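Owing to the predicted nature of the structure, the values given are computational and were not obtained by experimental measurement.
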Amino acid sequence: MSIVAKKHLSYGLLAISGLIAASDQVVKWLVQQSIAYGESIPVTPFFNWVHVWNTGAAFSLFADGGGWQRYFLITVAVVVSFVLIRLILQCRRRGEAIAYSLILGGAVGNLIDRIFRGYVVDSFDVYWQSWHWPAFNLADIAIVLGTVLFLYVSFIPEKSGTNVELDGSG
C-alpha cells in the first residue's frame with residue numbers, strides 16, 4: 001500500500017473515531033432529554049433503557065473518590081488518546097489500526113462527558129432476572145469491541161500473504 005493510501009486510511013480511521021465519539025454524544029443527549037435521571041424503561045426481558053451517571057471509571061471504580069478521580073481520569077484519557085492517534089498513524093497492520101480507532105472513539109466520547117459534565121452518562125442496562133451488568137454506553141461498546149479486535153489480531157496469526165501492511169513493506 002502506498003504512503004498516500006496509508007495516510008488516507010489513517011485519516012479515515014481517525015474520522016471513524018470522531019464519528020463514534022459524536023454518535024455517543026448524540027445518544028447521551030437523547031437520554032438526558034427523554035429520560036429522568038435514575039429512570040429505567042424496560043425494552044426487552046433482558047434490556048432496559050436507563051439514565052444513570054458514572055463519576056468513576058469502568059464498573060464505577062473510584063466513583064466514591066470525592067472528586068479527584070475526575071481529573072485523574074481526564075488526564076489518563078487525554079494521554080491514551082494521543083498515544084492511540086500516534087498508533088493509528090504509525091500502525092502497519094490494518095486490523096490493529098481499526099481496533100485503535102474504535103478504542104479512541106470510545107475514549108473521546110467518555111472524555112467529553114468527564115470534561116463537560118463531570119460524569120459519564122450511561123444508558124444501556126443488560127440483565128438476567130435480578131442480576132444486572134453495570135450500565136454502559138456506546139463509547140464503552142466501542143472500547144470493548146476495539147479491545148476484542150486488538151486481541152484477535154494480536155494473538156491469532158493471519159494466513160501468509162493476507163496481512164496487508166499499511167506502509168507497503170509487507
From [atom1] ([X]) to [atom2] ([Y]), nearest 0.5 Å:
X	Y	atom1	atom2	value
Leu111	Phe116	CG	CZ	8.5 Å
Ile143	Leu104	CD1	CG	9.5 Å
Leu149	Ser154	CG	OG	8.5 Å
Glu96	Leu13	CD	CG	12.5 Å
Ile98	Ile88	CD1	CD1	10.5 Å

Ignoring hydrogens and angles, tell me if any N or O in the side chain of [X] forms a donor-acceptor pair with the backbone of [Y] under 3.5 Å.
X	Y	result
Arg114	Leu73	no
Ser17	Ser101	yes
Thr75	Tyr71	yes

Between [X] and [Y], is any pair of side-chain heavy atoms under 4.5 Å apart?
X	Y	answer
Trp49	Val31	yes
Asn137	Asn110	yes
Phe124	Asp140	no
Ile35	Val50	no

Tyr37: which residues meet the ring-ring contact (aromatic ring centres under 6.0 Å, His included) condition with it, sequence neighbours left out?
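If we apply the ring-ring contact (aromatic ring centres under 6.0 Å, His included) test to Tyr37, skipping adjacent residues, the hits are His51, Trp53.
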Any chance you could pull the hydrophobic cluster mates of Tyr127, using side-chain heavy atoms under 4.5 angstrom and chaining through other members?
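Other cluster members: none.
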ILVMFWY clustering at 4.5 Å (side-chain atoms), partners of Val148:
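Val144, which link up through side-chain heavy atoms under 4.5 Å apart, make up the rest of the cluster.
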Quick check: are there more than 12 heavy atoms from other residues, nucleotides or ligands sitting under 6.0 Å from CH2 of Trp128?
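Atom CH2 in Trp128 is not packed in, count stays at 12 or less.
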Tell me the closest heavy-atom pair linking Thr55 and Gly118, and the distance in Å.
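Shortest heavy-atom contact: CG2-O, 4.3 Å.
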If you take all heavy atoms of Leu89 and Ser10, which pair is closest and at what distance?
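For Leu89 and Ser10, the tightest heavy-atom pair comes out as CD2-CB, 3.7 Å.
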I'd like to know if [Y] and [X] are part of one continuous hydrophobic network [Ile/Leu/Val/Met/Phe/Trp/Tyr, side-chain heavy atoms within less than 4.5 Å].
X	Y	result
Phe46	Val52	no
Phe136	Ile41	yes
Ile115	Phe72	yes
Phe47	Leu145	yes
Val43	Val126	yes

Side-chain donor/acceptor pairs under 3.5 Å, residues 76-86, sequence neighbours excluded:
| from | atom 1 | to | atom 2 | distance (Å) |
| --- | --- | --- | --- | --- |
| Ser81 | OG | Ala77 | O | 2.7 |

Donor-acceptor contacts under 3.5 Å from residues 18-27 side chains, at least two apart:
| from | atom 1 | to | atom 2 | distance (Å) |
| --- | --- | --- | --- | --- |
| Ser23 | OG | Leu19 | O | 2.8 |
| Asp24 | OD1 | Ala139 | N | 3.0 |
| Asp24 | OD2 | Lys28 | NZ | 2.6 |
| Gln25 | OE1 | Arg117 | NH1 | 3.4 |
| Gln25 | NE2 | Gly109 | O | 2.9 |
| Gln25 | NE2 | Asp113 | OD1 | 3.0 |

Not counting sequence neighbours, which residues clear side-chain hydrogen bond (donor to acceptor under 3.5 Å, both in side chains) with Glu39? List them please.
none
